[in-house]
Amino acid sequence: MVIKKVNLDIVIGVTSAIPDTEFPEVAFAGKSNVGKSSLINALMNRKSYARTSSQPGKTQTINFYNINDAMYLVDLPGYGYANASPAVKAKWGKMIEKYLRQSANLKQVFLLVDIRHDPSENDKMMYNWIVDNGFRPVIIATKLDKLKRSQIAKHVKAVRAGLGLKEDDILIPFSSQTKQGLDELWNTIEGYIGQ
């Protein structure tokens with residue numbers, strides 16, 4: 001995908017209605033600090049359009065990035081952030097669930113996990129939750145540049161086993177630093193939005 005135009009079109013909070021957009025949407029979920037904003041910036045070919053932060057839990061809204069007036073990249077709030085109160089976490093959960101259930105144009109959900117670690121309880125919970133909401137998420141294993149090449153296969157296997165993925169479930173190892181996996185990711189996205 002050649003990125004000609006990027007706009008943050010819609011931002012919704014806990015009390016907002018789910019927007020009825022005119023373009024297909026793909027959503028990105030992942031725990032706080034897994035590199036979601038960095039990944040979205042890499043996809044949009046922008047340095048810091050989606051705000052990245054060393055403080056986890058920065059994204060507290062659902063952000064709709066309009067790409068070329070053809071599709072939306074949807075950034076969901078990070079989950080499993082320790083410093084958010086249970087009440088705030090519950091609100092985020094309801095907001096994400098409402099979006100997954102009500103969005104008419106949502107084509108696929110991408111779940112980000114850190115390739116260096118076995119999936120956490122939160123990762124497994126989120127994976128099962130996305131599945132329960134009717135999607136088979138594409139897994140993006142982030143922070144690939146932090147591993148030696150010889151370690152990758154072992155870690156990919158651990159992520160697959162940890163989430164209980166089926167053989168035909170898609171897992172894309174990715175690095176926002178080196179852009180490794182970016183073309184494969186765009187090809188996968190385009191497959192879902194019918195570009």
Side-chain angles (χ1 to χ4, degrees), residues 1-53 55-81 84-85 87-112 122 125-140 142 170 176 182 185-195:
M1 165 104 42
V2 180
I3 310 293
K4 300 191 181 84
K5 185 180 151 194
V6 170
N7 258 330
L8 176 54
D9 268 12
I10 308 165
V11 176
I12 63 170
V14 250
T15 55
S16 314
I18 300 302
D20 188 14
T21 63
E22 54 186 317
F23 306 124
E25 301 159 16
V26 290
F28 295 86
K31 68 171 178 247
S32 302
N33 257 10
V34 74
K36 204 154 40 68
S37 298
S38 301
L39 173 120
I40 288 171
N41 284 326
L43 282 168
M44 297 190 299
N45 201 11
R46 299 291 190 273
K47 275 278 186 286
S48 53
Y49 203 90
R51 285 203 303 275
T52 57
S53 169
Q55 269 182 306
K58 207 68 186 153
T59 308
Q60 299 184 11
T61 49
I62 299 180
N63 299 333
F64 291 72
Y65 294 97
N66 178 339
I67 308 296
N68 297 346
D69 289 331
M71 66 167 295
Y72 282 107
L73 296 177
V74 181
D75 186 6
L76 302 173
Y79 58 85
Y81 173 45
S85 72
V88 167
K89 283 184 197 166
K91 278 187 186 147
W92 287 355
K94 283 203 175 68
M95 176 170 71
I96 295 171
E97 188 164 26
K98 188 165 82 169
Y99 170 67
L100 293 181
R101 293 209 166 144
Q102 293 179 11
S103 171
N105 286 320
L106 178 59
K107 303 301 178 194
Q108 182 55 296
V109 181
F110 291 76
L111 176 61
L112 283 67
N122 271 329
M125 203 167 72
M126 191 68 187
Y127 175 80
N128 291 328
W129 193 52
I130 294 168
V131 170
D132 290 344
N133 278 289
F135 293 90
R136 272 179 71 187
V138 171
I139 307 303
I140 303 171
T142 61
I170 302 168
S176 54
L182 188 61
L185 184 49
W186 260 125
N187 290 339
T188 305
I189 291 170
E190 286 170 354
Y192 285 109
I193 60 168
Q195 287 284 311

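What you see below is based on every heavy atom in this structure, not just the backbone, and it leaves out hydrogens, waters and symmetry mates. Every value quoted in this text rests on a predicted model; they were computed, and no experiment measured them. Start at 1 with the first residue, then count along the sequence.
Separating the CD1 atom in I62 from the CD1 atom in I10 is a distance of 11.0 Å, to the nearest 0.5 Å. To the nearest 0.5 angstrom, Y99 atom OH is 4.0 Å from L106 atom CG. The CG atom of N105 sits 4.0 Å away from atom OG1 of T21, with the distance rounded to the nearest 0.5 Å. Considering CG of L111 and CZ of F28, their distance stands at 11.0 Å, rounded to 0.5 Å. Rounding to the nearest 0.5 Å places CD1 of I18 at 12.0 Å from CZ of R101. How far CG of L8 is from CD1 of I40: 10.5 Å, rounded to the nearest 0.5 Å.
For L76 against A29, the heavy-atom pair with the smallest separation is CD1-CB, 4.0 Å. Here the closest non-hydrogen pair linking A17 and I12 is O-CG2, 3.9 Å. Nearest heavy atom pair, residue A70 against residue P24, reads O-CD, 3.4 Å. The minimum heavy-atom distance linking M95 with T61 is given by the pair CE-CA, 4.2 Å. The shortest heavy-atom contact between W129 and G93 is CH2-O, 3.3 Å. The two atoms that bring G78 and K36 nearest to each other are N-NZ, 4.0 Å, heavy atoms only.
Formation of a donor-acceptor pair under 3.5 Å by the N133 side chain with backbone atoms of L100 is not found in this model. With K107 contributing its side chain and G194 its backbone, the two residues share no donor-acceptor pair below 3.5 Å. Looking at N68, its side chain does come within 3.5 Å of a backbone N or O of V2 through a donor-acceptor pair. For the pair N41 (side chain) and Y49 (backbone), a donor-acceptor distance under 3.5 Å is present. Q108 places a side-chain N or O within 3.5 Å of a backbone atom of R136 that can act as its donor or acceptor partner.
Test R46, M44, E25 against Y65 for side chain to side chain contact (heavy atoms under 4.5 Å, CB included) and you get one pass: M44.
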Inset, instruction - Starting from the C-alpha separation in whole Å, work towards a yes-or-no answer on side-chain contact (heavy atoms from CB on, under 4.5 Å) for K94 and V14. - result: CA-CA 8 Å; K94 283 203 175 68; V14 250; over 6 Å; no
Legend entry - I139/I170 under side-chain contact (heavy atoms from CB on, under 4.5 Å): CA gap, chis, key distance, verdict: CA-CA 6 Å; I139 307 303; I170 302 168; over 6 Å; no
Inset, instruction - Decide side-chain contact (heavy atoms from CB on, under 4.5 Å) for L39 and F110; before the verdict, give the C-alpha distance in whole Å, the side-chain angles of both, and the deciding distance to 0.1 Å. - result: CA-CA 11 Å; L39 173 120; F110 291 76; over 6 Å; no
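Between V26 and L73, the closest side-chain pair of non-hydrogen atoms falls below 4.5 Å. The side-chain heavy atoms of V6 and I67, taken from C-beta on, include a pair separated by under 4.5 Å. Side chains of I189 and M1 form no contact here, defined as non-hydrogen atoms less than 4.5 Å apart. Contact annotation: the side chain of N122 never approaches that of M126 to less than 4.5 Å [non-hydrogen atoms, C-beta and beyond]. By the 4.5 Å heavy-atom criterion applied to side chains, S176 and T142 are not counted as neighbours.
Annotation for K98: atom NZ counts as buried by contact number, over 12 foreign heavy atoms lying within 6.0 Å.
Using cut-offs of 30° and 60° on the angle between ring planes, the pair Y72 and F23 is tilted.
Pairs passing the salt bridge (Lys or Arg N to Asp or Glu O under 4.0 Å) check and including a residue from residues 12-22, sequence neighbours excluded, do not occur.
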